Amino acid sequence: VSTQSTGKFPVQTAEKILQVTYSPFYHPLSGLRSLRTLDPYTLPQMIADKIDFVGGVHRLFPVPPRRASGRLSEPNAAVTPVSIRSRYNVTAIGTSSKNTMATSQFLLEWYSPADLSQFFATYNIPDYPVAKVIGKNDPSIPGVEASLDIQYLMGVAQNITTWFYFTPGYDNDEQEPFLEWIVALNEDPNTPLVNSVSYGDFEITISAEYLDRCNVEFQKFGVAGHSLLFASGDWGVGCEGTQMSPLWPSSSPYVTSVGGTFMSGTEEVGVTFSGGGFSNNFPMPSYQKDAVSKYLSTVSSLPPSSTYNSSGRAYPDVAAFATNYQVVVGGATKNVGGTSASTPTVSAIVSLLNDLRLKNGLSPLGFLNPLIYSTYVSVPQAFYDVTSGSNGYGACAGFKASKGWDPITGVGTPDYSVLKDLVV
C-alpha cells in the first residue's frame with residue numbers, strides 16, 4: 001500500500017515538530033532561495049516509525065539539469081516517424097483495445113492538440129486524439145519537450161490509446177515531483193501499460209531517502225505489469241569536479257534507461273551527449289552483471305576507475321535515434337534532439353510489442369530489463385549493436401561504445417521485426 005502525505009503549514013509549526021530552527025539561504029548563481037536548517041531534526045515518537053523521510057530540511061540548492069533538446073544535433077538526415085519506423089523495422093500499428101501508453105510531463109510542459117494534428121498530417125498519419133489528460137494542459141503555450149514526447153510516442157506507435165500526464169509543483173528545490181507522480185500512478189488501477197518520461201536530475205542532488213522511497217514505487221509499478229522508460233540524459237557521463245555524476249531516475253535498477261544514437265552514413269553511432277555510466281546509490285542488479293562485466297573486462301582505454309562506481313547500476317539499457325527530430329511547436333517545425341527523443345521512440349516500440357501480446361491473450365511486458373538482457377544473450381540480432389561513439393562531459397573522460405552492452409547505447413537499438421516474434 002502506498003501512501004504519501006503533503007501539507008503546508010507555518011515555518012514555526014515545522015520548527016516545533018522537528019525541534020529545529022530554520023534560516024533563509026540564497027544561491028546567487030541559480031537564484032534559488034530556500035529555508036533550511038543546520039540542526040539535526042527529530043520526530044515525535046508516536047509517528048517516527050510511520051515516516052520514510054522528511055524533505056526540505058537540510059539539503060541545499062541542487063541546480064537541476066535543464067532540457068537541452070533544441071541545441072542537440074548531429075549532421076544526419078532529419079528524423080521523422082517514417083525514418084524511425086524504417087530503421088527499426090516497425091511495420092505494425094496498434095489494434096488491441098486493451099492497449100494503453102502515456103507520456104508524463106513536469107515543469108510547466110504542455111502540448112497543443114492542433115500541433116499534434118498538424119504533425120500527423122505532415123507525415124500522413126491518421127489523426128487520432130490523446131484519449132485522456134491527467135492534470136493541467138495549456139495548449140496555448142506548448143512546450144518543446146511535451147510536444148516532442150507526445151508526437152513521437154503517438155507517431156511511431158499509431159492507433160494506441162494514449163494518456164498525457166502533467167504533475168505540477170516541485171520537489172528538492174525546483175525539481176520534478178517524481179514521488180508524488182509515481183505514487184499517483186500506482187494508486188490508479190487504469191494507469192497505462194507503458195509510460196515514457198524524458199526528465200531527470202543528477203543523483204547527487206537528491207537525498208538517498210528520496211531515491212530509495214521512489215525506488216520502492218518503481219518496483220511496484222513494474223510488478224503490476226507496467227513498463228517505465230526514462231531518458232538517460234543529455235550530459236554524457238555527467239561531471240562533478242573530476243567525478244562522473246550519474247542521472248536519476250535513469251540510474252534506478254527498476255526503470256528502463258534509454259540512450260541516444262545518430263546515423264553517420266550507414267552506421268548508427270552513439271551520440272556524444274548520450275547519458276551513461278554507473279549509479280552511486282544503487283548496486284548493480286543481477287540481470288545486467290554479465291553484460292556489464294564483459295564490457296569492463298574487455299574494453300581498452302576505460303576512464304580512470306577512481307571516477308566512477310563500477311559496482312553500481314549501469315545505464316543505459318537500450319538506445320534509439322536522438323538527434324534532428326522534426327517537431328511541431330506552435331505551428332512551426334523545429335529541429336529537436338536529446339535522449340528525450342529516443343525515449344518516446346523506444347516506448348512506442350514497446351507499446352507495439354504489448355499490442356501483439358494482448359491480441360494473443362498474453363500479459364503485458366511489464367518491467368522490461370530482465371527481458372532486454374536475456375534477449376541480448378539469446379537472440380543478439382534483436383538489437384542493432386552500436387560500436388562507435390563516446391560520451392565524455394566536461395573534465396570527465398567518457399566511455400567508448402563497443403560490441404555488446406556499453407554505457408552509451410546499452411545493448412543497442414531495437415529491431416522490431418525480430419522482437420515481435422520473440423514476445424509471442
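Everything numeric here is computed off the predicted structure, so don't read it as measured data.
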Salt bridge (charged side-chain N to carboxylate O under 4.0 Å, His left out) pairs touching residues 288-304, sequence neighbours excluded, are none
- Is any NZ, NE, NH1 or NH2 atom of the basic residue among E209 and R213 found under 4.0 Å from an Asp or Glu carboxylate oxygen of the other? no
### Message
Determine whether the aromatic ring centres of residues F106 and F166 are separated by less than 6.0 angstrom.
### Response
no
Q | Flag for S340-E145: side-chain donor and acceptor within less than 3.5 Å | A | yes
So side chain to side chain donor-acceptor pair (under 3.5 Å) across residues 127-137, not counting sequence neighbours, yields S117-D127
Sorted by chain and number, sequence neighbours left out, side chain to side chain donor-acceptor pair (under 3.5 Å) with S374 holds for none
Sequence neighbours excluded, the answer for side chain to side chain donor-acceptor pair (under 3.5 Å) partners of S342 is none
In short, ring pair (Phe, Tyr, Trp, His ring centres under 6.0 Å) pairs touching residues 77-100 with sequence neighbours left out are Y88-F321
Quick check: are there more than 12 heavy atoms from other residues, nucleotides or ligands sitting under 6.0 Å from NZ of K359? yes
Sorted by chain and residue number, the side chain to side chain contact (heavy atoms under 4.5 Å, CB included) partners of P129 (sequence neighbours excluded) come out as none
Residue set satisfying salt bridge (Lys or Arg N to Asp or Glu O under 4.0 Å) with R313, at least two apart, ordered chain then number -> D317
Across all chains, not counting sequence neighbours, the side chain to side chain donor-acceptor pair (under 3.5 Å) partners of E267 are S388
Residues at least two apart in sequence or cross-chain that pass disulfide bond (SG atoms under 2.5 Å apart) with C214, listed by chain then number, are none
Q. Are N335 and Q326 linked by a side-chain donor-acceptor pair shorter than 3.5 Å?
A. yes
Applying side chain to side chain contact (heavy atoms under 4.5 Å, CB included) to A401 and not counting sequence neighbours gives D406, I408
TODO: Report yes or no: do N391 and T272 form a side-chain donor-acceptor pair below 3.5 Å?
DONE: no
Any side-chain donor paired with an acceptor under 3.5 Å for S104 and N195? yes
For S402, the side chain to side chain contact (heavy atoms under 4.5 Å, CB included) test, sequence neighbours excluded, returns Y295, V299
When you check the side-chain N and O atoms of S311 and N309, is any donor under 3.5 Å from an acceptor? yes
Sorted by chain and number, sequence neighbours left out, salt bridge (Lys or Arg N to Asp or Glu O under 4.0 Å) with R357 holds for none
